[in-house]
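A short worksheet on the structure shown next.
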Amino acid sequence: MLVAWSRFVRAVDPDLLTGYNIVNFDLPYLLNRAEKLRAAAFPFLGRMVGGRTKMRSVQMSSSAFGRHESKSFTLDGRVMMDMLQVMKRDYHLRSYSLNSVSAQFIGEQKEDVHYSIITQLQEGDMYTRRRLAVYCLKDAILPQRLMDKLLSLTNYMEMARVTGMPLGWLMSRGHMIKVVSLLHRKAAATQLYIPDVPRSSAQDGGGAADGPQYDGATVITPKKGFYKDPIATLDFASLYPSIMMANNLCYSTLVQPKDASLLRPEDYLVTPSGDRFVRPSLKKGILSVILEELLAARKAAKRELAAATDPFLRAVLDGRQVALKVSANAVYGFTGAAVGKLPCMEISASTTAFGREMIELTRAEVEKLYPGASVIYGDTDSVMIKFGEGMSLSDAMERGREAAERITALFPKPVKLEFEKCYFPYLLISKKRYAGQLWTRTDAADKMDTKGVESVRRDNCRLVANVIDSVLKILLEERDLSAAVAYVKHVIGELLQNRLDISLLVVSKQLTKAEGKYESNTAHSVLAEKMRKRDPGTAPSLGDRVPYVITRGVKAQPAYDRAEDPLYALEHNVAIDNGYYLENMLRKPLERIFEAMLPPASVAALFSGEHTRSIFVPTPTARSGGMMRFTKVALSCLGCKSAIQSGALCKYCAPREAEIYQRLLGRSVELEKAFASLWTECQRCMGSVCQEVLCSNVDCPIFYRRIKTQKDLDDASKKLERFAIDW
DNA sequence: ATACGCCCCTAG
DNA sequence: TTAGCTAGGGGCGTAT
């Protein structure tokens with residue numbers, strides 16, 4: 001079978017191979033099996049006749065992929081486009097499971113089959129094998145649908161064209177190589193050659209580089225609080241590229257200190273970091289030329305995009321303009337990469353130093369030009385301005401536009417300060433943490449914008465993320481403080497009474513260090529170790545996100561010892577430490593928000609009082625009557641999580657029905673009552689965003705739907721049909 | 001009890 | 001062998 005498949009690949013002769021995690025699972029698995037079975041004719045999958053497909057393990061640490069182990073293959077003439085790598089690189093998600101990603105982007109779910117029952121399915125009957133076959137086919141077709149829907153190939157091809165790189169390198173290498181490619185292309189055309197800088201001279205004198213190599217951007221000390229007046233935001237457009245262009249910062253224009261005396265003072269510029277670069281009149285830097293061309297090309301692409309009507313052409317042009325912008329922004333980081341192909345700290349340090357001067361000047365100018373105005377915050381390339389008490393939104397926007405124009409005039413071209421938006425109202429919690437209603441027009445708010453707080457961080461459980469998001473929405477959109485307080489008390493009550501689904505309490509953190517490399521104990525690293533001892537095959541590996549819940553444990557046991565695999569906790573009925581979730585995860589984030597709008601005593605009242613009285617719901621012994629009020633429609637079996645087409649349990653779990661329901665009822669008997677209350681929540685995870693009964697959080701292990709009428713039942717069936725496969 | 005550093009993730 | 005950058009908040013383990 002393996003040899004036939006290999007022959008099939010050569011016969012089809014594809015340019016590109018895709019799949020989900022094929023680089024680190026499928027292909028290594030096939031190669032290893034072939035070796036074990038001595039299928040000598042198998043490992044010839046490339047286009048080079050007689051070229052053997054070899055596998056190599058590499059340890060990667062890059063911002064594009066995160067830290068992880070990876071494999072590379074000799075596969076001449078074909079490109080491996082692993083959609084898992086594409087998703088990890090291009091999308092910032094909480095979960096990268098094919099199931100979750102497909103549901104989110106193409107509204108389809110995988111036919112999930114838990115690994116533990118694959119053998120049973122294979123050895124069962126024609127129906128169980130059919131299920132296995134459906135699972136395999138879906139696994140193959142979903143990545144391709146994903147690639148089509150997200151236009152990944154189009155976008156990567158545009159990036160390859162913009163940078164002059166081979167397509168395959170975009171998949172397997174980082175951002176730096178793009179800049180190297182751009183430099184080679186431009187330098188060769190201008191008779192310049194790029195030195196091959198040995199590693200040792202890249203880090204001169206000071207020893208190993210650990211920690212920052214030069215000073216970065218300014219973050220203006222925030223004037224924290226809740227602002228009921230509109231806050232105007234001014235941003236420099238492409239700040240770092242425009243600084244590099246405006247000041248001719250380049251490898252080819254850098255003047256070494258010892259050479260400064262050879263030049264007339266007017267021939268060079270001394271930057272705020274004390275470095276010297278010759279003026280463009282003497283020599284124009286190739287970085288400036290590259291950046292100008294990239295940004296000019298982007299303008300052209302955007303102009304064409306505006307005129308284009310054909311959807312495919314539009315997609316291509318949009319991909320191109322994004323690629324051009326990304327490439328321009330990568331140049332600064334490349335110059336500052338101490339362990340890189342061509343580091344030049346004079347360029348990066350000068351760039352950030354100019355940036356610091358510019359944001360300071362902007363702040364000073366705003367406060368000088370507009371008496372009574374105050375810059376309440378700013379970060380790197382932006383300032384947030386309160387123009388005055390009681391100002392209208394349209395006046396704030398008008399002043400913002402005017403200020404941007406006046407201040408732009410103070411800087412050399414092509415630096416441009418732009419008015420983009422107002423926040424109204426605005427909650428400023430601390431540096432890099434804020435939320436506000438964002439307005440770009442006066443007739444309607446665009447959306448709620450949230451930065452840095454718990455709801456946008458992937459290392460918080462859904463409960464915390466959902467509660468913080470909902471509270472901010474109630475406060476900023478509805479502006480209803482008492483509703484926010486009521487909502488918080490309600491959720492705390494639900495938590496303490498064990499009424500929340502376990503999926504809400506799952507925390508996940510990335511495993512960034514190999515076994516034994518962690519210097520202190522953390523929940524996710526200790527748990528990963530524990531799971532390796534249980535089953536090395538399914539334990540998280542380097543670079544994976546490790547999901548866990550905090551369980552009760554014994555007194556004074558540290559949290560890292562009480563972290564448990566959520567599925568394990570569910571299956572072994574391990575008690576969750578609700579109090580820990582309240583005190584260590586919910587409390588402080590909520591306090592930080594409410595402190596800005598309530599007196600201390602009222603903030604404290606959120607966490608004490610009637611609703612915090614813990615009620616221990618005893619595990620019901622024979623309360624199946626409670627369950628009868630629900631018609632359960634599960635996409636995955638409530639017992640073993642494998643995919644099913646109807647009902648609640650798969651045929652393997654059905655005989656254990658009573659036992660499984662009893663386990664689930666211990667947590668969920670009060671669901672109906674709980675969710676009938678004031679807030680529109682998803683029945684699975686309480687996400688306040690959803691209008692429907694079920695939200696799109698497909699990683700919830702248990703799915704419920706409340707059914708009251710025949711129509712509800714029909715709707716539910718229709719919904720399920722979407723996930724069925726039509727043969 | 002407190003200071004400090006490891007760790008994760010985000011802003012820009 | 002390979003990897004864009006710095007600033008910063010905040011949780012928690014560990015040493016004092």
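Below, each value reflects all heavy atoms present in this structure, side chains not excepted, and no hydrogens, waters or symmetry copies. Remember, it's a predicted structure, so these values are computed and weren't measured experimentally. To find a chain, count down the sequence lines: A is the first, B the second, and so on, and within it residues start at 1.
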OP1 or OP2 of [N] versus the side-chain N and O atoms of [X]: is any pair under 4.0 Å?
{"X": "A/Tyr377", "N": "B/dA11", "answer": "no"}
{"X": "A/Gln510", "N": "B/dC9", "answer": "yes"}
{"X": "A/Tyr560", "N": "C/dT14", "answer": "yes"}
{"X": "A/Tyr580", "N": "C/dC12", "answer": "yes"}
{"X": "A/Tyr214", "N": "C/dG4", "answer": "no"}
{"X": "A/Thr512", "N": "B/dC8", "answer": "yes"}

Starting the side chain at C-beta, find the nucleotide from [options] nearest to [X].
{"X": "A/Lys432", "options": "C/dG10, B/dT10, B/dA11", "result": "B/dA11"}
{"X": "A/Thr380", "options": "B/dC9, C/dG10, B/dG12", "result": "B/dG12"}
{"X": "A/Val456", "options": "C/dG4, C/dA7, B/dA11", "result": "B/dA11"}
{"X": "A/His92", "options": "B/dT10, C/dG9, C/dT14", "result": "B/dT10"}
{"X": "A/Lys513", "options": "C/dC12, C/dG11, B/dC8", "result": "B/dC8"}
{"X": "A/His175", "options": "B/dG12, C/dG4, B/dC9", "result": "C/dG4"}
{"X": "A/Thr522", "options": "B/dC9, B/dC7, C/dG8", "result": "B/dC7"}
{"X": "A/Arg433", "options": "C/dG10, C/dA7, B/dC9", "result": "C/dG10"}
{"X": "A/His524", "options": "B/dC7, C/dG10, B/dG12", "result": "B/dC7"}
{"X": "A/Asn521", "options": "C/dG9, C/dA7, C/dT14", "result": "C/dT14"}

(message) Quick check: closest heavy atoms across A/Arg562 and A/Gly553, and the distance to 0.1 Å?
(response) CD-CA, 3.8 Å

Starting from [atom2] on [N], measure out to [atom1] on [X] and report it in whole angstrom.
{"X": "A/Ile429", "N": "B/dT10", "atom1": "CD1", "atom2": "P", "answer": "16 Å"}
{"X": "A/Tyr332", "N": "B/dA11", "atom1": "OH", "atom2": "P", "answer": "17 Å"}
{"X": "A/Glu519", "N": "C/dG11", "atom1": "CD", "atom2": "P", "answer": "22 Å"}
{"X": "A/Leu586", "N": "C/dG11", "atom1": "CG", "atom2": "P", "answer": "12 Å"}
{"X": "A/Tyr240", "N": "C/dA7", "atom1": "OH", "atom2": "P", "answer": "9 Å"}
{"X": "A/Leu249", "N": "C/dC5", "atom1": "CG", "atom2": "P", "answer": "19 Å"}
{"X": "A/Asp196", "N": "C/dT1", "atom1": "CG", "atom2": "C1'", "answer": "14 Å"}
{"X": "A/Leu182", "N": "C/dG4", "atom1": "CG", "atom2": "C1'", "answer": "13 Å"}

Quick one: label [X] by what it contacts on the DNA or RNA (base, sugar-phosphate, nothing), any heavy atom closer than 4.0 Å.
{"X": "A/Gly216", "answer": "sugar-phosphate"}
{"X": "A/Ser348", "answer": "nothing"}
{"X": "A/Ala330", "answer": "nothing"}
{"X": "A/Ala559", "answer": "sugar-phosphate"}
{"X": "A/Phe236", "answer": "nothing"}
{"X": "A/Arg592", "answer": "sugar-phosphate"}
{"X": "A/Arg545", "answer": "sugar-phosphate"}
{"X": "A/Lys588", "answer": "sugar-phosphate"}

(message) Could you check whether A/Arg161 pairs with A/Glu158 (Lys NZ or Arg NE/NH1/NH2 to Asp/Glu carboxylate O, under 4.0 Å)?
(response) yes

(message) Any carboxylate oxygen within less than 4.0 angstrom of a Lys/Arg side-chain nitrogen, looking at A/Glu418 and A/Lys416?
(response) yes

(request) Flag the pair A/Tyr423 / A/Tyr434 as yes when their ring centroid distance falls below 6.0 Å, and as no otherwise. (result) yes

(message) Looking only at the aromatic ring of each residue, does the gap between the centers of A/Tyr227 and A/Phe424 stay below 6.0 angstrom?
(response) no

(request) Tell me which of A/Glu454 and A/Phe334 sits closer to the 5' end of DNA chain C, going by the nucleotide each one is nearest to. (result) A/Phe334

(message) Counting distance alone, no hydrogens or angles: does the base of B/dC8 have a donor or acceptor under 3.5 Å from a partner atom on the side chain of A/Arg458?
(response) no

(message) Can you confirm whether A/Ile576 sits close enough to A/Ile502 that some side-chain heavy atom of one is under 4.5 Å from a side-chain heavy atom of the other?
(response) yes

(request) Taking the side chain as every heavy atom from C-beta outward, state whether A/Ser525 and A/Lys513 have any atom pair closer than 4.5 Å. (result) no

(request) Would you kindly say whether A/Asp446 and A/Thr440 are connected by a side-chain donor-acceptor distance under 3.5 Å? (result) yes

